[in-house]
Participant: 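Here it is: the structure, laid out below.
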Protein chains: 2
Amino acid sequence: MAFFLSTFTNRVDKKGRVSVPAPFRNAVCASEGAFPGIVIYRPLNLPCIEGADLAFLEQLSDRLYGDFGPFDPDQMSVATAILAGASQLSFDPEGRVMLPAELKAGAGIDDACTFVGIGRKFQIWNPEAFEAHKADQLGRAAEQAPKLPPFGGGRP
Amino acid sequence: MAFFLSTFTNRVDKKGRVSVPAPFRNAVCASEGAFPGIVIYRPLNLPCIEGADLAFLEQLSDRLYGDFGPFDPDQMSVATAILAGASQLSFDPEGRVMLPAELKAGAGIDDACTFVGIGRKFQIWNPEAFEAHKADQLGRAAEQAPKLPPFGGGRP
DNA sequence: TGGGATATCATGGGCATTCATGGTTGGTCA
DNA sequence: TGACCAACCATGAATGCCCATGATATCCCA
C-alpha cells in the first residue's frame, strides 16, 4: 500500500485539473497492477479532502463488512458517509486529476491546493487553511507525543 | 469482486431504462468472464434498491450456508428475503438496465434515481430520499467512526 | 568545481472520444 | 394482431487524450 510524505502546493487550472505531486503519483503506481489514480473523500471532522490509493479504501470497506456483517447499521452508516461521497480519480497522461466541484467547495479550494502526506493517506487543503491547521496541530502534537503508547516491535 | 464508490444521479426514461454509471459498469465487467450486468434486490430495512455483481451474491449465499448450515431456519429466512426477490439485469448495448416496476415502486423511484457506491455493493435511491438518508447517516457515522477498530497501517 | 546539456515536472490549451439520453425500428410472444 | 422488449441510431455535453511550453532540478563532463 502506498505511503505519503511531505507537503506540496499546486495550481488548479480553469478546467479543475491539478497535478498530483510526482512522489505521491509514484507511491500509488509502485504496486504492480494497481489502479493508476487516487481515491478521495470528505473526512468527517475536517474542512479538507482526504485521499489514498484504492487499496486503502478497499481494505477499509472489507474490514467494515468483515467486522460488522454486510447489513449492520453501524457498518452501513460509515460506508455511506465515507464511500458514497468518495470519488475515484484516474491520472491523465500528465499525472493530473479533476477534483469534483462538491469536494472542492467543501474544502474551500479555489485556484490552488496543498497536498499533505500523512502516511497511508494524504489530505488536500486550501493552502491558507492548511497553514492555520498546521499551527494548531503542532501545538496539539507537542502535548500528545509523550503519551503515545509503545510500538511493540512488530505486532502480528 | 467489483468495488463501487461515489454517487451518480441518472434519469429514468419513459420506457423505464436507466444508464448504469460508467464506473460501475466497468467495475462489474472488469472481472474476466463475469456476467455483463448487475443483480439487484430489496434490502430489509431501507426504502431503496441494493445491487452488486453476481459474485457478491454468490459470496453472500456461501457465507449464509457456511455460518448457519444449509437447513437452518435463520439462514433460510435471509436467503428467501434477499435472494428470492433478486433480479439479474443485463446491460443493453448502451449500458442501461430496466428496473423492475415492483422494486422501483418500493424505492419511490420515478423519473430519476441515484446510484450510491458503498464498497462491494451499491444502492439505488429516489434522489431526494437519498439526500435525507445521507444527512442522517453522516450524523450517525460521526458517532461511530471514533469507535472503529484500527485499520490501514499495513496490517493485512 | 563550474558550466552546459538533459530529464522531469507543473501548467495551459485544443481536439477526439465517451457518456448519458431520447427516439425509432424490428422481432417475439401471447 | 397487438403489446412488450431488445437492438440500432442520433445528439449534445462532458470527459479524457494529445500536444506544446517554461521552469526547475539533475547529471555529466571538462
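The chains referred to below are lettered A, B, ... by the order of the sequence lines, with proteins before strands, and numbering in each begins at 1.
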Participant: Along DNA chain D, 5' to 3', what are the outermost nucleotides having an atom less than 4.0 Å from a heavy atom of chain B?
Facilitator: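 Extent of the interface on DNA chain D: D:dA6 to D:dC9.
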
Participant: Could you check whether A:Lys14 pairs with A:Asp111 (Lys NZ or Arg NE/NH1/NH2 to Asp/Glu carboxylate O, under 4.0 Å)?
Facilitator: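 Salt bridge absent between A:Lys14 and A:Asp111.
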
Participant: Taking any atom under 4.0 angstrom from a heavy atom of chain B, which nucleotides of DNA chain C are the first and last to qualify, 5' to 3'?
Facilitator: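 Span of nucleotides near chain B: C:dC19 to C:dT24.
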
Participant: With heavy-atom distances below 4.5 Å as the criterion, would you say the side chains of A:Leu46 and A:His133 are in contact?
Facilitator: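 Answer yes - side chains close enough.
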
Participant: At 4.0 Å (heavy atoms only), tell me whether B:Lys15 reaches a base, stays on the sugar-phosphate, or touches nothing.
Facilitator: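 If one applies the 4.0 Å heavy-atom cut-off, B:Lys15 turns out to touch a base.
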
Participant: Side chains of A:Leu83 and A:Ser61, heavy atoms from C-beta outward: is any pair under 4.5 Å?
Facilitator: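 The answer is yes, as the side chains (C-beta and beyond) meet within the 4.5 Å cut-off.
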
Participant: Heavy-atom distance under 4.5 Å between the side chains of B:Val28 and B:Pro36, does that happen here?
Facilitator: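 They are not in contact (no side-chain heavy atoms under 4.5 Å apart), so the answer is no.
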
Participant: So, B:Thr114 and B:Thr7: side-chain donor and acceptor under 3.5 Å apart, yes or no?
Facilitator: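 Absent: no donor and acceptor within the cut-off.
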
Participant: Is the ring pair A:Phe115/A:Phe122 parallel, tilted or perpendicular, if the boundaries are 30 and 60 degrees?
Facilitator: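 The arrangement is tilted - the two ring planes meet at 30° to 60°.
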
Participant: Is the closest side-chain heavy-atom distance between B:Arg140 and A:Pro73 below 4.5 Å?
Facilitator: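 They are in contact (side-chain heavy atoms under 4.5 Å apart), so the answer is yes.
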
Participant: When you match A:Val20 and A:Arg17 each to their closest nucleotide on DNA chain C, which lands nearer the 5' end?
Facilitator: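 The 5'-side residue here is A:Val20.
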
Participant: Strictly distance-based, threshold 3.5 Å: is any side-chain N or O of B:Arg120 a donor or acceptor partner for the main-chain N or O of B:Met1?
Facilitator: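 Yes: the side chain of B:Arg120 pairs with the backbone of B:Met1.
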
